[in-house]
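Data first, discussion second: the structure below is written as structure tokens.
The basis for the numbers below is simple: all heavy atoms, side chains too, and nothing from hydrogens, waters or symmetry mates. These figures come from a predicted structure and were not determined experimentally.
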Amino acid sequence: MSYQFETCSAEETIQVGKQLSALLPERGAVLLIGNLGAGKTTLVKGIAQARGAAEPEDVSSPTFPLIHEYGDPPRVFHVDLYRLETEEEVLSLGLDEYLDRRGLTLIEWGERFPGLWPKETPRIELEYLGEDLRRIRLDR
Ligand SMILES: Nc1ncnc2c1ncn2[C@@H]1O[C@H](COP(=O)(O)OP(=O)(O)OP(=O)(O)O)[C@@H](O)[C@H]1O
Ligand SMILES: [Mg+2]
């Protein structure tokens, strides 16, 4: 099944994140796929808000540490694998432990490590169409 949206601002992408949250499982991995600045982190703001885990302004790019946890108890995990190069490096983050936890793990740049994710892992693709315009598609 696939769902598609177009947004004209970061605020609209946050709203789409809130809608997509309802279409995503309670736990497990979700791949966020798109170029630098496509809006992956912006979308996480909406998903985290919809799950009562964090307010949009409290969600930031996970650079150091590479995994942010949101909610008490944590129920949204946000990972950015941009700077990692090998599957071994990714595994050393303890990512499989996160995937076993009760919560959704939203992963930026995870498509570069296709061997690490279950085959049925939902994918959200974000495409830059113009300065403020983005296309967002969920395949699950
Ligand atoms: N329609 C839109 N949806 C999302 N972001 C938008 C939109 N229009 C403009 N923007 C801007 O684009 C930028 C998106 O940044 P964001 O950090 O979400 O991207 P990203 O895909 O996570 O990039 P990176 O790979 O560098 O982590 C923000 O500055 C945001 O304000
Ligand atoms: Mg990001």
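The environment of CD in E97 is sparse: at most 12 heavy-atom neighbours from other residues, nucleotides or ligands sit within 6.0 Å. The environment of CG in D100 is crowded: more than 12 heavy-atom neighbours from other residues, nucleotides or ligands sit within 6.0 Å.
Using modelled atom types, one side-chain atom of R140 and one backbone atom of L23 make a donor-acceptor pair closer than 3.5 Å. With hydrogens and angles disregarded, no donor-acceptor distance shorter than 3.5 Å links the side chain of Q49 to the backbone of K45. Looking at K18, its side chain never comes within 3.5 Å of a backbone N or O of G46 through a donor-acceptor pair. Looking only at distances, no side-chain donor or acceptor of E12 sits under 3.5 Å from a matching main-chain atom of S9. R75 places a side-chain N or O within 3.5 Å of a backbone atom of P73 that can act as its donor or acceptor partner.
Shown here for Y70 and A54, the closest heavy-atom pair between the two residues is CD2-CB, 3.6 Å. In this structure, L84 and F113 approach most closely via the heavy-atom pair O-CZ, 3.6 Å. Of all heavy-atom pairs spanning P122 and L24, the tightest one is CB-CD2, 4.3 Å. Taking all atoms of both residues into account, the shortest heavy-atom contact from H68 to S61 is CE1-O, 3.6 Å. For the pair Y98 and T105, the tightest heavy-atom approach, listed with the atom from each and the gap, is O-OG1, 3.8 Å. The two residues L99 and A29 make their nearest non-hydrogen contact at CD2-CB, 3.7 Å.
Counting only heavy atoms from C-beta outward, the side chains of F77 and L104 never approach each other to under 4.5 Å. Side-chain contact check for I67 versus P62: every heavy-atom pair is 4.5 Å or farther apart.
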Candidate pair E6 and L129, rule side chain to side chain contact (heavy atoms under 4.5 Å, CB included), full reasoning: CA-CA 9 Å; E6 280 184 16; L129 300 180; 4.0 Å; yes

Check the pair E69 / R101 against salt bridge (Lys or Arg N to Asp or Glu O under 4.0 Å), numbers first and verdict last. CA-CA 11 Å; E69 305 192 3; R101 286 171 74 175; 3.4 Å; yes

Could you go through the side chain to side chain contact (heavy atoms under 4.5 Å, CB included) check for L43 and I14 one step at a time? CA-CA 5 Å; L43 195 74; I14 293 173; over 6 Å; no

Full working for side-chain hydrogen bond (donor to acceptor under 3.5 Å, both in side chains) between R112 and Y82: CA-CA 9 Å; R112 294 166 53 234; Y82 184 71; over 6 Å; no

Worked verdict on H78 versus E108 for side-chain hydrogen bond (donor to acceptor under 3.5 Å, both in side chains): CA-CA 8 Å; H78 180 198; E108 300 190 30; 2.7 Å; yes

List the steps, then state whether side chain to side chain contact (heavy atoms under 4.5 Å, CB included) holds for L126 with I33. CA-CA 6 Å; L126 298 97; I33 304 170; over 6 Å; no

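By the criterion of side-chain heavy atoms lying less than 4.5 angstrom apart, applied directly or through intervening Ile, Leu, Val, Met, Phe, Trp or Tyr residues, L91 is grouped together with L93 in one hydrophobic cluster. In this structure, L66 is not a member of the same hydrophobic cluster as V44, with clusters built from ILVMFWY side-chain heavy atoms closer than 4.5 Å. Cluster membership for I47 and I136, using ILVMFWY side-chain heavy atoms within less than 4.5 angstrom, is shared.
The distance from atom CG of D96 to atom CG of L116, rounded to the nearest 0.5 Å, is 8.5 Å. A distance of 9.0 Å separates CG of L106 from OG of S21, quoted to the nearest 0.5 Å. The CG atom of D132 sits 9.0 Å away from atom CD of E11, with the distance rounded to the nearest 0.5 Å. Here the NZ atom belonging to K40 is positioned 5.0 Å from the CH2 atom belonging to W109, to the nearest 0.5 angstrom. Taken to the nearest 0.5 Å, the CG atom of D139 stands 9.5 Å off from the CD1 atom of I124. Between the CZ atom of R135 and the CD atom of E125 there is a distance of 11.0 Å, given to the nearest 0.5 Å.
When each of V30, L32, L31 is checked for a side-chain contact (heavy atoms from CB on, under 4.5 Å) with I107, only L31 meets the rule.
Side-chain polar atoms of Q19 and Y3 form no donor-acceptor pair below 3.5 angstrom. Remark: the R134 side chain and the T7 side chain contain no N/O donor-acceptor pair separated by less than 3.5 Å.
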